[in-house]
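One structure below.
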Amino acid sequence: MSLVEKDQKYIWHPFTQMKTAEPALPIVKGEGTLLIDDMGNSYIDAISSWWVNLHGHSHPYIAEKVYEQMQKLEHVVFAGFTHQPAVDLCEKLSKHMPDNQAKFFFSGDGSSAVEIALKMSVQYWRNKGENKTRFVALDGAYHGETFGAMSAGARSIFSAPFSDLLFESTHIPFPKDEQAAMQSLKTEIAKGDVAAFIFEPLVQGAAGMRMYKPETLNKLLQICKEAGVLCIADEVMTGFGRTGTTFAVNQIEAKPDFICMSKGLSGGTLPLSLTSCTQAIYEAFLGDDIQKAFLHGHSFTGNPVGCAAALASLDLLEKKECQEAIKNITSSHKTFAKKLEALEIINEIRQTGTILALELKADSSGYASSIRQKLYTDFLNQGVLLRPLGNVIYILPPYCIQEKELKKVYKVIQDKLTELSQ
Ligand code: PMP
């Protein structure tokens with residue numbers, strides 16, 4: 001049996017269970033931005049493999065640091081024990097974060113990082129003797145796939161089968177309409193039961209790379225701060241340079257109480273996530289009563305190998321070359337976007353830092369949009385991996401992407417959009 005036949009026999013892939021789905025493509029090697037299949041064809045990974053990869057695939061420096069750590073300590077229970085890579089990672093990370101972030105809680109994926117922030121918010125209020133359990137989020141929000149994260153997110157095709165089981169949360173208008181979002185946030189907060197406001201800062205990923213201004217986000221956070229409502233920045237997608245700054249919240253003055261990180265945290269090498277919070281949050285859990293403690297901890301919490309990968313990735317991110325690359329990608333996107341403006345098929349062009357989104361005019365939008373599958377296949381056949389979100393084509397490349405690779409990505413998109421505009 002071939003690899004593909006065995007794959008079809010055993011493996012349940014995400015998102016590709018439709019009877020019409022193509023078989024999964026066997027990838028045998030990754031190098032820089034390239035993914036290479038078993039026939040030797042290469043694909044430019046223009047979406048950083050679901051937004052995780054920062055410095056390219058199989059990066060030798062990260063591989064070396066992971067190997068070194070593997071030989072010293074692969075894992076240890078993190079309740080009651082610690083190790084150098086975890087401590088070094090938090091120390092190094094904190095230099096890039098708003099200065100109110102004091103404590104770091106480890107887990108293994110973005111959904112868990114969010115779940116932890118949600119649970120900590122509710123328990124924070126309980127520990128203070130207040131019953132605040134409702135979350136306010138943005139219209140279109142996506143925060144992950146566990147039940148809590150799904151409940152905080154907007155109701156969508158992803159959460160529909162579970163709708164009866166989700167707890168209620170409130171979704172205020174998307175802040176492109178600043179006044180509507182601010183007004184609605186104030187109204188919800190006035191009801192007195194809001195535990196926290198959770199948001200994807202500046203860019204909503206799964207909703208189709210929808211973007212809003214730092215000034216608006218700052219105003220929303222100020223409203224929360226004045227009312228004592230906790231703020232959770234879900235930087236699972238936006239973190240680690242995607243929006244032009246290491247964290248999107250670095251572009252605003254107001255400071256969130258929690259920051260959720262994953263994906264780029266380990267440079268896309270190993271599953272790892274973090275929920276950071278303020279000292280005030282942490283202190284609300286301290287005491288002699290075990291019931292005040294946050295009794296939550298996943299098996300692989302604080303995995304040393306994941307931390308070693310994250311430390312290595314941060315070393316690379318801090319390098320001048322990488323910071324220059326982020327600026328170059330940002331300005332190349334700007335130039336490219338200008339070229340597309342006049343095309344008939346374009347509905348809207350959006351850009352924040354290294355993320356460029358091209359929303360097309362289409363009969364239907366959203367994940368199930370019919371244009372999506374055709375674009376995906378056409379791009380892949382030309383050696384470029386782009387996974388449009390419904391009628392939105394977006395580029396979110398690893399920072400190591402070469403100029404000629406970026407040009408190729410632009411060319412396949414421009415050719416396609418020109419064809420669709422005729
Ligand atoms: N939050 C955001 C903003 C995300 O984009 C994602 C994943 N796409 C998640 C949370 C969930 O992360 P994970 O898939 O690692 O659980």
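Just so it is clear, the structure is predicted and the values come from calculations on it, not from any experiment. For the single chain, residues carry numbers from 1 onward in sequence order.
- Without hydrogens or angle criteria, Ser266 side chain to Thr269 main chain gives a donor-acceptor distance under 3.5 Å.
- Remark: side-chain polar atoms of Gln351 are paired, donor with acceptor, to backbone N or O of Gly353 under 3.5 angstrom.
- When all heavy atoms of Leu118 and Ile232 are compared, the pair lying nearest together is CD2-CD1, 4.0 Å.
- Here the straight-line distance linking atom CE of Met211 with atom CZ of Phe174 works out to 9.0 Å at 0.5 Å rounding.
- A side-chain N or O of Gln251 and one of Thr243 form a donor-acceptor pair less than 3.5 Å apart.
- Listed here is the closest heavy atom pair of Phe106 and Gly302: CB-N, 3.3 Å.
- Of the possible polar contacts, one joining the His333 side chain to the Thr354 backbone as a donor-acceptor pair under 3.5 Å is found.
- Proximity of a side-chain donor or acceptor of Thr33 to a complementary backbone N or O of Gly56 within less than 3.5 Å is not detected.
- Of the candidates Ser111, Ser107, Ser112, Ser273 forms a side chain to side chain donor-acceptor pair (under 3.5 Å) with just one, namely Ser107.
- Under a 3.5 Å cut-off, the side chain of Ser169 and the backbone N or O of Val136 do not form any donor-acceptor pair.
- Atom NZ of Lys361 is surrounded by more than 12 heavy atoms from other residues, nucleotides or ligands within 6.0 Å.
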For this session: List the steps and the verdict of side chain to side chain contact (heavy atoms under 4.5 Å, CB included) for His143 and Cys260.
Result: CA-CA 10 Å; His143 295 294; Cys260 306; over 6 Å; no

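- Nearest heavy atom pair, residue Asp45 against residue Pro398, reads O-CD, 3.1 Å.
- Other residues, nucleotides and ligands contribute over 12 non-hydrogen atoms within 6.0 Å of the CD atom of Gln279.
- Asp139 and Arg210 make their closest contact through O-NH2, 2.9 Å (heavy atoms, listed as atom of the first residue, atom of the second, distance).
- Taking the side chain to side chain donor-acceptor pair (under 3.5 Å) definition, one finds that Glu403 meets it with Lys407, sequence neighbours left out.
- Taking 4.5 Å as the limit, every side-chain heavy atom of Leu35 sits out of range of all side-chain heavy atoms of Leu25.
- Looking only at distances, no side-chain donor or acceptor of Ser184 sits under 3.5 Å from a matching main-chain atom of Pro173.
- Between the Glu235 side chain and the Pro201 main chain, no donor and acceptor come within less than 3.5 Å of each other.
- Residues meeting the side chain to side chain donor-acceptor pair (under 3.5 Å) test with Gln71, sequence neighbours left out: Tyr67.
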Next on the checklist: Assess the residue pair Met97 and Met261 against the criterion (side chain to side chain contact (heavy atoms under 4.5 Å, CB included)); give the C-alpha distance rounded to whole Å, side-chain angles, the decisive distance to 0.1 Å, and a yes or no.
Outcome noted: CA-CA 11 Å; Met97 304 183 71; Met261 297 157 259; 3.6 Å; yes

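- Remark: the His55 side chain and the His57 side chain contain no N/O donor-acceptor pair separated by less than 3.5 Å.
- The aromatic rings of Phe135 and Phe167 lie tilted to each other, with the angle between the two planes from 30° to 60°.
- Within the 4.5 Å cutoff, the side chain of Gln222 has heavy atoms near those of the Asn218 side chain.
- Side-chain contact between Tyr212 and Leu138 is present, with at least one heavy-atom pair separated by less than 4.5 Å.
- When atom types are taken as modelled, the side chain of Ser332 and the backbone of Asn328 share a donor-acceptor pair closer than 3.5 angstrom.
- Distance CD1/Ile259 to OG/Ser276: 4.5 Å, rounded to 0.5 Å.
- We find the CE-CD distance between Met209 and Glu359 to be 12.5 Å, quoted to the nearest 0.5 Å.
- No side-chain heavy atom of Leu375 sits under 4.5 Å from any side-chain heavy atom of Leu386.
- The local environment of CD in Glu283 is crowded, with over 12 non-hydrogen atoms from other residues, nucleotides or ligands closer than 6.0 Å.
- Remark: His75 engages Phe300 in a ring-ring contact (aromatic ring centres under 6.0 Å, His included) (not counting sequence neighbours).
- If you take OG1 on Thr278 and NZ on Lys255, they are separated by 11.5 Å, rounding to the nearest 0.5 Å.
- Once rounded to the nearest 0.5 Å, the distance linking CG of Leu185 with NZ of Lys219 reads 13.5 Å.
- Taking all atoms of both residues into account, the shortest heavy-atom contact from Ala207 to Gly140 is CB-O, 3.3 Å.
- Remark: Tyr282 OH is loosely packed, at most 12 non-hydrogen atoms of other residues, nucleotides or ligands lying under 6.0 Å away.
- Nearest approach of Phe240 to Tyr399, heavy atoms of both residues: O-OH, 2.6 Å.
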Would Leu265 and Ser313 count as a side chain to side chain contact (heavy atoms under 4.5 Å, CB included) if you check the C-alpha gap in whole Å, the side-chain angles of each, and the deciding distance to 0.1 Å? CA-CA 8 Å; Leu265 172 61; Ser313 174; over 6 Å; no

Table please: side-chain donor-acceptor pairs of residues 190-200 below 3.5 Å, with sequence neighbours left out.
residue : atom : partner : partner atom : Å
Lys191  : NZ   : Glu188  : OE1          : 3.1
Lys191  : NZ   : Glu188  : OE2          : 3.2
Asp193  : OD1  : Arg134  : NE           : 3.1
Asp193  : OD1  : Arg134  : NH2          : 2.9
Asp193  : OD2  : Arg134  : NE           : 3.0
Glu200  : OE1  : Gly205  : N            : 3.0
Glu200  : OE2  : Tyr142  : N            : 2.9

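- Using a 4.5 Å heavy-atom threshold, the side chains of Val409 and Phe379 count as separate.
- Counting only heavy atoms from C-beta outward, the side chains of Leu360 and Val392 never approach each other to under 4.5 Å.
- Counting only heavy atoms from C-beta outward, the side chains of Pro271 and Asp109 never approach each other to under 4.5 Å.
- More than 12 heavy atoms of other residues, nucleotides or ligands shown are found within 6.0 angstrom of CG on Leu286.
- Residue Phe105 is tested with Phe294, Phe285, Phe258 for a ring-ring contact (aromatic ring centres under 6.0 Å, His included); the sole match is Phe294.
- With rounding to the nearest 0.5 Å, the separation of CD1 in Ile252 from CG in Leu217 is 4.0 Å.
- Asn53 and His59 share no side-chain donor-acceptor pair at under 3.5 Å.
- For the pair Asn127 (side chain) and Lys292 (backbone), a donor-acceptor distance under 3.5 Å is present.
- Annotation: ring-ring contact (aromatic ring centres under 6.0 Å, His included) contacts involving residues 303-326, sequence neighbours excluded, are absent.
- Pairs passing the salt bridge (charged side-chain N to carboxylate O under 4.0 Å, His left out) check and including a residue from residues 305-316, sequence neighbours excluded, read Lys92-Asp315.
- For the pair His171 (side chain) and Ala152 (backbone), a donor-acceptor distance under 3.5 Å is present.
- Residues Asn131 and Arg126 have side chains that bring a donor and an acceptor to within less than 3.5 angstrom of each other.
- Ile36 is not listed as a side-chain neighbour of Asn41, based on a closest heavy-atom distance of 4.5 Å or more.
- Between Lys176 and Glu348 there is a salt bridge, since a side-chain N of the basic residue sits under 4.0 Å from a carboxylate O of the acidic one.
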